[in-house]
Amino acid sequence: MWKRFSSNIGAMVGVVLLLAVIVIAVIAPMLYPGGPWQMVQRPFLPPFAQDAYPFGTDTLGRNVAAQLAYGAQVSLLVGLVSTLVALLIGVPLGALAGFYGGMVDEGAMRFTEFFQTIPNFALAIVLVAIFQPNLTSIILAIAIVSWPPVARLVRAEVMSVRKREFVDAATLAGLSKPRILVTQVLPNTVSPIIVMASLMVATAILLESSLSFLGLGDPNAMSWGYMIGAARTVIRSAWWLSFFPGVAIIITVLALNLIGEGLNDALNPHLSRKGRA
Amino acid sequence: MNFLKTTTFLVAAALASPLAAQQEGGRLDIVVQPEPPGLMLGLVQNGPTQLVAGDIYEGLLRYDTDLNPMPGLAESWEISDDGLTYTFKLQEGVKWHDGEDFTADDVVFSADTFLRETHARLRASLAYVDTITAVDPLTVEFKLKEPFGPFISVFEAATMPMIPKHIYEGTDYATNEANATPIGTGPFKFNEWEKGSFIHLVKNEDYYVDGLPYLDEVYYRVIPDAASRAVAFETGEVDVLPGGSVENWDIPRLAEMEGVCTTGKGWEFFAPHAWMWLNNREGPTSNEKFRQAIMYAMDREFMKDVVWNGFGNVATGPVSSKTNFYSDDVTIYDHNPDKAKELLEEMGYDGEPVRLLPLPYGETWQRWAEAVRQNLTEVGINVEIDSTDVAGWNEKTANWDYDMAFTYLYQYGDPALGVSRNYTADRIEKGSPWNNVEGYENPSLDEKWAKAATLVKPEERQAAYDEIQKEIVDDVPVAWMMELEFPTIYRCNVKDLVTTAIGVNDGPRNAWIEE
Amino acid sequence: MDILIAILSRVAKAAVTLLAIAVLNFFLLHAAPGDPAVVLAGEAGAADEQMIAQLRERFGLDQPFYLQLGKYVWGIVQFDLGYSFRQGMPVSQLIAERLPATLLLTMTAFFISLGLGIWLGVAASARVGKASDSLLTTLALLFYATPLYWAALMAVLVFSVWLGWLPAFGFETVGADYTGMARILDIGRHLVLPAMTLGLFFMAVYMRMTRASMLEVSQLDFVKTAKAKGLGGAAIRRRHILRNAILPVVTLAGLQAGQLVGGAVLTETVFAWPGIGRLMFESLAARDYNTILGVFIVSAAMVILFNVITDIVYRIVDPRIGARA
């Protein structure tokens with residue numbers, strides 16, 4: 001499996017890019033001990049003008065390079081945690097629906113459909129505004145709008161696995177239903193979930209940046225979307241303030257998509273690509 | 001009886017504008033931001049509404065940039081020597097936009113009935129008023145219970161707008177259908193409001209001042225994004241950017257463009273004053289030393305230069321230097337981090353975090369809060385920015401759920417109208433973000449504020465306010481930041497746009513375009 | 001008769017869903033800190049308890065929560081979305097004024113992205129392994145990873161600011177009083193940038209899907225049969241593969257089209273487009289409950305509507321499905 005993955009050039013590019021972003025996020029405090037908010041130079045210093053500030057400074061004279069590095073922390077954190085939370089909601093719901101069928105299925109799917117009918121982004125905005133913008137509310141909002149596809153995927157997988165012979169064998173062996181679900185069925189659905197999760201992290205990072213862009217970010221955590229939102233008003237005179245964070249987002253999201261695709265090809269060589277995106 | 005010679009004003013006005021020069025016709029595009037919630041000035045008085053409705057509705061008086069009263073709907077006025085009777089002589093031949101006559105009955109209805117019910121700010125001043133009567137169709141008399149020094153300043157259009165009695169009497173004001181198509185006496189009539197895009201006003205052909213207005217039409221353009229507003233001005237889509245409609249960083253660039261003029265005038269009546277509420281009730285901010293430390297920790301000159309791009313002045317105390325009865329004989333808080341650290345040590349500050357609530361009015365305010373956080377962090381104060389939107393900000397300040405909170409308020413020309421409300425104990429009321437939100441209590445000062453408002457002679461009032469300012473600045477009930485300046489940016493061929501203390505709000509009345 | 005019942009049950013289900021959305025959001029909004037009366041009073045530049053009390057009474061906020069909810073739901077049942085006190089007009093009227101702009105923007109973006117996406121996807125699948133295919137797939141991957149609002153900003157910078165080709169914002173040239181064709185052209189020019197940035201991401205999605213789907217279908221047996229029968233490459237692509245490959249793309253697109261309506265907030269904000277997304281965002285800060293709820297209900301109704309349309313289109317496109325109840 002690793003062989004298939006590693007022979008995929010796109011996926012390997014993704015891994016390298018993502019590792020780079022992770023490393024930058026981790027060593028940010030060592031590179032810039034003063035933090036991303038410190039005012040270090042005159043405002044609006046263009047990029048490449050001074051070696052110490054390769055990406056220039058922002059409206060208050062803060063180091064854009066430091067902001068980018070700390071922004072990586074927030075993007076990765078929000079992307080990972082919100083995906084985990086979405087999995088925590090979606091996987092059990094989908095598993096129960098697919099495994100038990102009948103009324104449980106009907107109820108769970110109605111519930112999922114309901115959430116898919118509410119306009120996603122609008123709901124996220126309202127949720128963050130209501131709970132007041134901070135990392136927790138942002139993560140929760142993203143998770144709440146992104147779990148339904150997980151539930152649907154898991155349900156479909158569980159339904160197909162449930163009919164296989166080894167499940168019947170387990171039933172005959174006297175295992176209880178919940179036990180079968182957890183020990184026999186779910187492990188067989190892991191690979192599509194992993195693929196979906198890697199793509200969800202990418203989407204979550206985009207969502208977080210969109211919220212921050214609208215001014216619904218955590219004001220105490222520097223994030224890329226926040227940088228672009230803050231720089232929007234000065235885009236005429238200081239293009240670099242919105243350009244570089246945008247590139248950072250693209251690189252990270254692209255890396256995750258490449259990895260997700262590579263995983264998909266490696267884990268599910270027979271599965272078609274539909275149902276994704 | 002002490003008659004004011006209003007003729008001098010008329011002569012002065014005539015001299016200021018050589019008659020032959022003005023050209024008639026043309027259209028003015030002005031940015032309005034955000035979109036006003038309504039245009040009925042008697043019901044809504046937020047900034048955008050004042051900007052647009054200031055052309056539709058009028059008050060009895062107008063004010064020049066030194067805050068002297070000028071004739072508006074009243075052609076002359078007199079104040080009795082005891083300061084208790086104000087008599088206004090109305091202009092002749094004034095008609096509402098629907099053709100009805102404007103009379104003294106409208107004035108009485110507006111001030112005594114309509115606005116008493118709907119206009120909170122005016123209500124506070126009307127508390128001093130005993131009776132309002134129509135002596136004859138063109139004469140109105142206000143009788144006061146006790147002298148109220150700033151009373152002559154309450155007749156501005158948005159403070160006491162004239163409301164048509166024949167439309168509103170006996171109706172439910174808030175839901176009156178006419179609110180959607182406002183009827184005033186002003187130089188421009190309401191024509192169309194395309195929600196989300198523009199408000200279109202057209203010339204009032206029957207305006208009671210001969211020859212005015214010069215312009216044929218005015219468009220107020222709704223453009224929700226500050227950068228887009230700047231682009232709109234650059235590309236010539238709009239002619240006027242009223243103060244505050246673009247971010248400060250854009251101002252120098254726009255001002256340098258050819259044929260573009262700027263002015264800081266036209267805000268004297270408002271004199272927007274910015275400060276941070278410091279919660280005097282609890283937490284570290286309840287300690288006077290902590291509050292003083294905040295003042296010393298902040299580099300307000302830097303903030304003025306970088307955040308406000310050099311516009312405005314660092315505030316010295318509660319009264320703006322543009323407002324009447326300002327005094328600079330007070331303790332000056334310069335940037336002195338060592339002194340701040342000393343004060344923190346004296347009080348034994350233990351690093352307890354304080355929350356800072358920025359004003360949710362755009363990037364400038366967000367950056368300002370970030371700069372303050374950085375300054376305070378440098379002297380060892382632990383600050384967290386609390387993020388919120390307009391509704392959340394209102395709720396938190398009104399319910400005292402904050403440690404430090406940015407705000408700015410208008411002063412309306414007089415400390416008794418726009419300053420004392422933030423510092424006297426009788427104005428400590430939950431629910432409003434505009435009164436004594438910080439919870440400052442100083443009984444001896446309360447008495448002085450009350451007395452200063454009822455003095456009649458200006459010299460006496462100045463002395464009283466000098467004393468108050470000196471004393472209150474040492475207590476630091478709030479952290480005074482800046483006297484804000486919101487430059488108006490406009491094309492130089494637009495003439496006589498800003499001639500009064502409320503600037504663009506009633507600017508189109510006299511404005512004209514040079515071909 | 002069966003069809004009638006099917007339609008009726010679908011409508012009933014949609015109505016229940018919409019009502020549930022209204023109730024859920026009603027709870028959410030009222031749980032939020034912030035009070036519309038305080039905001040409105042605050043905007044007046046001065047506020048006292050009397051004024052706030054008046055406003056609360058006018059908004060009906062002084063009543064118990066269950067009564068407010070009951071009244072709202074009762075209104076919804078009668079197709080009454082309530083009254084916006086901030087804007088001083090009925091919510092339905094407010095939305096009716098703004099909805100056409102949103103529909104114009106989203107539908108333009110939708111059809112352009114779907115058309116271009118499918119076309120490019122087909123083109124790429126026909127050139128698998130060649131340089132042009134790699135270029136297209138790489139571009140699609142990039143667009144796929146680009147934040148929409150950032151693309152919008154960059155487009156404004158390039159096409160409006162530097163090149164000066166297109167207006168940077170707005171719906172039409174205000175006060176120009178264009179009529180007929182001139183007006184349509186004017187709106188069209190304003191539409192280019194927002195529709196382009198909104199459509200970019202989706203174009204990438206549809207292109208990738210079409211390409212993958214084309215490749216997959218071309219491996220299927222009946223295609224091999226067709227080839228064996230001697231049909232040429234282009235004919236096969238058109239007649240057999242595309243028709244089958246397009247199905248998942250159309251399904252996904254249909255599901256997303258509804259979401260687009262509510263998801264245009266970012267584009268509408270950057271381009272000052274007077275649509276309902278911006279209306280909702282602005283109303284949120286003022287806690288204009290009825291307006292926000294109204295936009296939610298209308299957007300959700302759009303989602304449902306597009307699901308139904310998708311279903312119908314699906315039947316037309318899919319040769320295998322006859323009359324599925």
Side-chain angles (χ1 to χ4, degrees), chain A residues 10 14 110-111 113-132 199 202-203 205-216 224-225 228-229 231-232 235-236 239 242-243 245-247 249-258 261 272-277, chain C residues 13-14 17-18 20-21 24-25 28-29 31-34 141-142 144-151 153-154 156-157 161 204-206 208-209 211-213 215-216 247-249 251-252 255 258-259 261-266 269-270 277 280-281 284-285 292 295-296 299-304 307:
Chain A
R110 248 332 124 65
F111 188 63
E113 241 171 55
F114 172 71
F115 269 89
Q116 282 189 309
T117 310
I118 306 179
N120 271 338
F121 190 57
L123 180 64
I125 290 177
V126 170
L127 286 172
V128 173
I130 284 169
F131 297 122
Q132 305 291 299
L199 298 172
T203 315
I205 288 176
L206 280 178
L207 250 175
E208 186 277 332
S209 83
S210 302
L211 288 170
S212 297
F213 174 75
L214 284 176
L216 295 169
W224 294 332
I228 301 176
R232 177 161 68 132
I235 188 163
R236 316 291 318 282
W239 58 270
S242 24
F243 181 75
V247 172
I249 295 174
I250 294 179
I251 290 177
T252 313
V253 174
L254 182 67
L256 283 160
N257 283 335
L258 288 170
E261 221 165 84
S272 74
R273 291 180 171 206
K274 69 182 160 189
R276 196 150 37 75
Chain C
K13 215 171 117 185
T17 309
L18 287 181
I21 287 175
L24 172 79
N25 282 294
L28 278 179
L29 287 174
L141 264 176
L142 271 181
Y144 194 59
T146 307
L148 192 149
Y149 57 90
W150 186 79
L153 283 179
M154 295 298 132
V156 168
L157 197 60
V161 178
V205 175
Y206 302 145
R208 283 156 54 83
M209 272 200 78
R211 181 180 174 277
S213 189
L215 291 178
E216 188 191 330
L247 272 177
V249 183
T251 314
L252 178 77
L255 295 178
Q259 288 282 355
V261 176
V265 183
L266 283 166
T269 309
V270 175
M280 191 214 74
F281 189 58
L284 192 60
I292 309 170
V295 174
F296 257 100
S299 323
M302 290 288 157
V303 176
I304 295 176
N307 288 356

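Arg110(A) is not listed as a side-chain neighbour of Thr17(C), based on a closest heavy-atom distance of 4.5 Å or more. Counting heavy atoms from C-beta on, the side chains of Trp150(C) and Pro245(A) never come closer than 4.5 Å. Inter-residue side-chain proximity for Asn120(A) and Leu207(A) is flagged as unmet; no heavy-atom pair is nearer than 4.5 Å. Between Trp224(A) and Ser212(A) there is no side-chain heavy-atom pair separated by less than 4.5 Å.
When heavy atoms are compared at a cutoff of 4.5 Å, Leu123(A) approaches chain C by way of both its backbone and its side chain. Of the atoms belonging to Val270(C), heavy atoms from both backbone and side chain fall under 4.5 Å from chain A. Heavy atoms of Phe281(C) lying under 4.5 Å from chain A belong exclusively to its side chain. Using a 4.5 Å cut-off between heavy atoms, Asn25(C) contacts chain A through its side chain alone, with no backbone atom that close. For chain C, the nearby part of Glu113(A) is the side chain; its heavy atoms alone come within less than 4.5 Å. In this structure, chain A has heavy atoms under 4.5 Å from both the backbone and the side chain of Leu28(C). Residue contact with chain C, scored on non-hydrogen atoms closer than 4.5 Å, involves the side chain of Asn257(A) exclusively. Contact of Leu258(A) with chain C is made through the side chain alone, with heavy-atom distances under 4.5 Å. Using a 4.5 Å cut-off between heavy atoms, Leu216(A) touches chain C through its side chain atoms alone. Looking at Ala202(A), neither its backbone nor its side chain comes within 4.5 Å of chain C, counting heavy atoms on both sides. Of the two parts of Leu157(C), only the side chain, counted from C-beta on, holds a non-hydrogen atom closer than 4.5 Å to a non-hydrogen atom of chain A.
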side-chain contact (heavy atoms from CB on, under 4.5 Å) assessment of Ile292(C) paired with Leu29(C)
CA-CA 9 Å; Ile292(C) 309 170; Leu29(C) 287 174; 4.0 Å; yes
Start with the C-alpha distance between Phe213(A) and Leu153(C), add both sets of side-chain angles, then the distance that settles side-chain contact (heavy atoms from CB on, under 4.5 Å), and finish with yes or no.
CA-CA 12 Å; Phe213(A) 174 75; Leu153(C) 283 179; 4.0 Å; yes
Please lay out, stage by stage, how Phe296(C) and Met280(C) fare under the test side-chain contact (heavy atoms from CB on, under 4.5 Å).
CA-CA 8 Å; Phe296(C) 257 100; Met280(C) 191 214 74; 4.0 Å; yes
Val253(A) and Tyr144(C): side-chain contact (heavy atoms from CB on, under 4.5 Å), yes or no, with the steps?
CA-CA 9 Å; Val253(A) 174; Tyr144(C) 194 59; over 6 Å; no
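Residue Leu247(C) comes nearest to Thr251(C) through the heavy atom pair O-OG1, 2.8 Å, listed as atom of the first residue, atom of the second, then distance.
Here Ile21(C) is the residue among Val303(C), Leu148(C), Ile21(C) with the most heavy-atom pairs under 4.5 Å with chain A. By number of non-hydrogen pairs under 4.5 angstrom with chain C, the leading residue of Ile250(A), Val126(A), Val247(A) is Ile250(A).
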